[in-house]
Q: 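Attaching a single structure in structure tokens format; questions to follow.
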Amino acid sequence: MVKERGDGLDVALELLWKLGDALLQLLTQPFYYISIILMALVYRRQVLLERKLFSVRLHSWGLQTWRTFWGGLLAGIGVSVAAAFLGISLTTEAVICIWVVAIMLLLFRVRYLCFAYAIGILGVIQFVLGLFSWSPDGFLKTVKDTVAGLDIPALLALVAVLHLAEALLIRLQGASFANPLFIEGKRGKLVGGYQMQVFWPIPLFLLIPGASDTVLPWTPLFGGDGWSSGFSMMALPVVIGFSEMTQSLLPQVKADRTFKRLLIYGVVLLAFSILSAWWSPLALVAALIAFVLHEGLAWYSRYEEQHRSPVFVHPAQGLKVLAVIPGSPAEELGIAAGESIVKVNGIAIRSKEQLHLAIRKNPAFCKLEVQNLQGEVKFLQRAIYDGDHHQLGVILAPDPDAGVALVLKPVNLFQLIGMKIHARSKSSTPASHDVREADM
């Protein structure tokens with residue numbers, strides 16, 4: 001016998017009751033706490049990298065963690081509402097299975113901590129299992145039944161919606177998480193660049209078919225007749241995020257491009273996920289799209305960077321600004337990353353040494369000529385006080401033949417926990433070159 005759909009008040013009360021149960025589930029699951037700890041480790045590593053390269057801290061890892069926590073919480077609310085109309089069938093065993101795959105991928109690279117990879121791979125495994133008649137016993141039987149029972153089209157639709165939310169978060173917060181660094185360019189010269197690596201821990205509260213006294217007043221897209229028996233709610237902690245490196249674009253421009261590409265990715269994946277629910281052979285195609293297209297976007301971003309000229313190199317006249325220290329005189333003056341300091345106290349500068357000498361010419365006051373991003377010169381002036389940064393708070397692009405460069409290598413879970421990075425000390429004297437693994 002099919003239950004009647006509940007009225008608005010009954011449904012609202014039932015939803016609140018189920019939400020309370022799901023919240024308790026979330027608080028008792030370790031995965032949400034693990035994701036927050038991993039985020040804190042990522043931001044801690046970034047701050048220590050800043051200290052190593054620039055001897056100053058530009059970000060607070062605690063504040064970064066707090067911002068991504070709240071960003072993830074708000075995104076979780078939005079995605080949970082969207083997922084209520086999609087409909088997801090999940091069990092506790094399925095949640096554990098998804099997270100186990102995600103953590104295994106994390107052992108290879110930090111950026112693989114994304115459900116597009118975990119669920120996409122599970123979709124391929126489910127397809128392969130369907131081709132063979134395999135009847136294991138014990139624990140393996142439980143794992144096989146769990147994977148075989150996953151509603152891959154619905155989960156991939158959820159991944160698509162998560163990436164639409166991720167695109168919006170990148171548009172709003174991505175550039176503020178950009179960390180300046182020195183890297184080696186195509187010709188072995190040091191250039192300035194930015195690493196943008198952000199992860200958001202997201203708590204999802206998913207409606208799932210289940211026995212209850214109230215039926216939803218709408219029928220979710222996935223699940224079919226299963227919703228006629230009522231509904232339940234399950235907590236699913238997930239992680240979304242992106243990792244980009246740029247030396248040819250300003251952080252905000254890079255974030256905007258990533259936003260547009262992820263928006264297209266989310267729409268394409270959502271379309272194939274919905275189509276695969278109607279025609280099951282497309283489930284494999286949608287699963288492959290989930291991680292192959294995701295990886296393709298990362299590859300294209302690297303390819304694009306390799307074939308563009310670097311922005312953060314010193315021009316013929318002046319010094320290029322790579323970053324500005326928060327709360328510094330440079331920030332008060334309105335100097336921005338990508339601009340060039342042309343003159344200080346009337347003296348044309350072409351090196352850091354000339355900059356220091358020009359600042360010391362008048363230890364109480366400073367006049368600057370700065371070329372902005374549009375090529376126009378702006379005139380700035382400010383008093384100098386004791387305790388001000390020796391470069392007024394600007395971090396300059398590196399000298400092409402001297403400095404400490406980050407060696408770009410994939411970071412896995414063990415390197416993240418150990419706070420290790422690879423760096424190369426580069427000097428104009430060939431004998432002084434050395435490569436070391438630096439403590440972070």
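For clarity, every value in this text was computed on a predicted model and none was experimentally measured.
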Q: Which atom names give the shortest non-hydrogen contact between Val191 and Val313, and what distance separates them?
A: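 Where Val191 meets Val313 most closely, the heavy atoms are CG1-CG1, 3.6 Å.
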Q: Counting only heavy atoms from other residues, nucleotides and ligands, does the tally under 6.0 Å from CZ of Phe69 exceed 12?
A: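 Enclosed.
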Q: Within the 4.5 Å heavy-atom criterion, are Phe259 and Arg261 side-chain neighbours or not?
A: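 No, side chains not in contact.
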Q: Among Ile274, Val267, Val268, find the one that has a side chain to side chain contact (heavy atoms under 4.5 Å, CB included) with Leu270.
A: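 Running side chain to side chain contact (heavy atoms under 4.5 Å, CB included) over Ile274, Val267, Val268 with Leu270 returns exactly one hit, Ile274.
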Q: Would you check if Ile349 and Leu319 make a side-chain contact, meaning some heavy-atom pair closer than 4.5 Å?
A: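 They are in side-chain contact.
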Q: Tell me if the NZ atom of Lys367 is crowded by more than 12 foreign heavy atoms within 6.0 Å.
A: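 No, NZ of Lys367 has 12 or fewer neighbouring heavy atoms, counting only those of other groups under 6.0 Å.
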Q: Side chains of Asp21 and Gln25: do they bring a donor and an acceptor to under 3.5 Å?
A: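 Side chains of Asp21 and Gln25: no pair found under 3.5 Å.
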Q: Could you tell me whether Phe54 and Phe182 have their ring centroids closer than 6.0 angstrom?
A: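 Between Phe54 and Phe182, the centre distance is under 6.0 Å.
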Q: Would the distance check show the side chain of Glu331 and the main-chain N or O of Gly327 forming a donor-acceptor pair, the cut-off being under 3.5 Å?
A: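 Looks like yes, one N/O pair under 3.5 Å.
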Q: Could you give the distance from CD1 (Ile125) to CD1 (Ile121), rounded to the nearest 0.5 Å?
A: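 Answer rounded to 0.5 Å: 7.0 Å.
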Q: Rounded to the nearest 0.5 Å, what separation is found between the CG atom of Asn345 and the CD1 atom of Ile347?
A: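 The distance works out to 6.5 Å.
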Q: Are more than 12 heavy atoms, taken from residues, nucleotides or ligands other than Lys352, located less than 6.0 Å from that residue's NZ atom?
A: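 Yes, the 6.0 Å shell around NZ holds more than 12 heavy atoms from other groups.
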Q: So, does Tyr265 use its side chain to make a donor-acceptor pair with the main chain of Leu297 at under 3.5 Å?
A: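 No.
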Q: Looking only at non-hydrogen atoms, find the nearest pair between Ala178 and Pro251 and report the distance.
A: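 Closest heavy-atom pair between Ala178 and Pro251: CB-CB, 3.7 Å.
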Q: Yes or no on side-chain contact (heavy atoms from CB on, under 4.5 Å) for Val321 and Val370, after CA distance, side-chain angles and deciding distance?
A: CA-CA 10 Å; Val321 176; Val370 178; over 6 Å; no
Q: Looking at Glu332 and Arg382, is any side-chain nitrogen of the basic one under 4.0 Å from a carboxylate oxygen of the acidic one?
A: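 Result for this pair is yes, salt bridge flagged.
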Q: Tell me, do Pro315 and Ser340 make a side-chain contact under 4.5 Å, heavy atoms counted?
A: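 Side-chain contact under 4.5 Å: yes.
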Q: Closest heavy-atom contact between Gly266 and Leu164?
A: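 Taking every non-hydrogen atom into account, CA-CD2, 3.9 Å.
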Q: Step through the shown structure and confirm whether more than 12 heavy atoms of other residues, nucleotides or ligands are within 6.0 Å of CZ on Arg308.
A: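 Yes, enclosed.
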Q: Apply ring pair (Phe, Tyr, Trp, His ring centres under 6.0 Å) to Tyr117 and Tyr112, showing your working.
A: CA-CA 7 Å; Tyr117 294 98; Tyr112 288 164; 5.0 Å; yes
Q: For the atom pair SG (Cys114) and NE2 (His294), what is the distance rounded to the nearest 0.5 Å?
A: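 Spacing of SG (Cys114) from NE2 (His294) equals 4.0 Å.
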Q: Could you check whether any side-chain N or O of Asn362 sits under 3.5 Å from a backbone N or O of Cys366, counting only pairs where one atom can act as donor and the other as acceptor?
A: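 Looks like no, no N/O pair under 3.5 Å.
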Q: With the side chain counted from C-beta on, respond yes when Glu339 and Lys378 share a heavy-atom pair under 4.5 Å apart, and no when they do not.
A: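 Yes. Closest side-chain heavy atoms under 4.5 Å.
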Q: Show your reasoning for whether ring pair (Phe, Tyr, Trp, His ring centres under 6.0 Å) applies to Tyr43 and His59.
A: CA-CA 9 Å; Tyr43 302 135; His59 297 90; 9.4 Å; no
Q: So Leu396 and Leu322, do their side chains get closer than 4.5 Å, heavy atoms only?
A: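 No, too far: nothing below the 4.5 Å cut-off.
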Q: Stepwise, does the ring pair (Phe, Tyr, Trp, His ring centres under 6.0 Å) test hold for Phe115 with Trp99?
A: CA-CA 9 Å; Phe115 275 26; Trp99 264 98; 5.6 Å; yes
Q: The criterion is salt bridge (Lys or Arg N to Asp or Glu O under 4.0 Å); which residues satisfy it with Glu369, sequence neighbours excluded?
A: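 Here no residue qualifies.
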Q: Would you check if the distance from the ring center of Tyr194 to the ring center of Phe312 is below 6.0 Å?
A: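 Judged by ring-centre distance (under 6.0 Å), Tyr194 and Phe312 do meet the cut-off.
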Q: Test your reading of the model: is there a side-chain donor-acceptor pair from Glu166 to the backbone of Ile240, 3.5 Å cut-off?
A: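 Not confirmed, Glu166 side chain does not pair with Ile240 backbone.
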Q: Tell me, with the steps shown, if Phe199 and Thr68 meet side-chain contact (heavy atoms from CB on, under 4.5 Å).
A: CA-CA 7 Å; Phe199 295 95; Thr68 50; over 6 Å; no
Q: Would you compute the distance between atom OH of Tyr33 and atom CG of Leu38 and round it to the nearest 0.5 angstrom?
A: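 One finds 15.0 Å between OH of Tyr33 and CG of Leu38.
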Q: Under the side-chain hydrogen bond (donor to acceptor under 3.5 Å, both in side chains) test, which residues partner Arg257, sequence neighbours left out?
A: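 Arg257: side-chain hydrogen bond (donor to acceptor under 3.5 Å, both in side chains) contacts with Glu304.
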Q: Could you check if a side-chain atom of Leu169 sits within less than 4.5 angstrom of a side-chain atom of Val198, using non-hydrogen atoms only?
A: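 Leu169 vs Val198: side chains apart.
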Q: Rounded to the nearest 0.5 Å, how far does CG of Leu15 lie from CG of Leu207?
A: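 Going from CG on Leu207 over to CG on Leu15, the span is 6.0 Å.
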Q: Check Ala323 against Leu58 and note the closest heavy-atom contact, atom names and distance.
A: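 Heavy-atom minimum between the residues: CB-CD2, 4.0 Å.
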Q: Identify which one of Met245, Lys52, Glu50 satisfies the side chain to side chain contact (heavy atoms under 4.5 Å, CB included) criterion when paired with Leu181.
A: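 Answer to the side chain to side chain contact (heavy atoms under 4.5 Å, CB included) test with Leu181 among Met245, Lys52, Glu50: Met245.
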Q: Using side-chain heavy atoms (C-beta onward) and a distance below 4.5 Å, is Asp256 in contact with Gln252?
A: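 They are in contact (side-chain heavy atoms under 4.5 Å apart), so the answer is yes.
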Q: Measure across Gln247 and Gly192 and return the closest heavy-atom pair with its distance rounded to 0.1 Å.
A: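 So the two residues come closest at CB-O, 3.7 Å.
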Q: Report the C-alpha separation of Leu293 and Leu269 in whole Å, then their side-chain angles, then the decisive distance to 0.1 Å, and conclude whether the side-chain contact (heavy atoms from CB on, under 4.5 Å) test is met.
A: CA-CA 9 Å; Leu293 183 56; Leu269 181 57; over 6 Å; no
Q: Would Lys254 and Glu305 pass as an ion pair if we require N to O under 4.0 Å?
A: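 So Lys254 pairs with Glu305 through a salt bridge.
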Q: Within this structure, what is the OG-CG distance for the pair Ser280 and Leu275, rounded to the nearest 0.5 Å?
A: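 The OG atom of Ser280 sits 12.5 Å away from the CG atom of Leu275.
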Q: For Ser243 and Gln197, does a side-chain donor sit closer than 3.5 Å to a side-chain acceptor?
A: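 Result is yes, a qualifying pair exists.
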Q: For Trp218 and Ala84, indicate whether the former's side chain and the latter's backbone hold a donor-acceptor pair under 3.5 Å.
A: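 Present.
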Q: Using every non-hydrogen atom in the two residues, find where Asn179 and Phe177 come nearest and quote the distance to one decimal.
A: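 Reported closest heavy-atom pair: OD1-O, 3.0 Å.
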Q: Run Leu204 and Leu158 through side-chain contact (heavy atoms from CB on, under 4.5 Å) and show every step you take.
A: CA-CA 10 Å; Leu204 293 182; Leu158 177 62; 3.9 Å; yes
Q: Say whether Gln173 and Trp200, considering side chains only, have a donor N or O and an acceptor N or O under 3.5 Å apart.
A: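 Note: Gln173 and Trp200 side chains meet the donor-acceptor criterion.
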Q: Scan side-chain atoms only and decide if Arg171 and Thr258 contain a donor-acceptor pair under the 3.5 Å cut-off.
A: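 No, no side-chain donor-acceptor pair sits under 3.5 Å.
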Q: Would you mind reporting whether Met104 and Val100 have side-chain heavy atoms less than 4.5 Å apart?
A: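 SC-SC contact between Val100 and Met104 confirmed.
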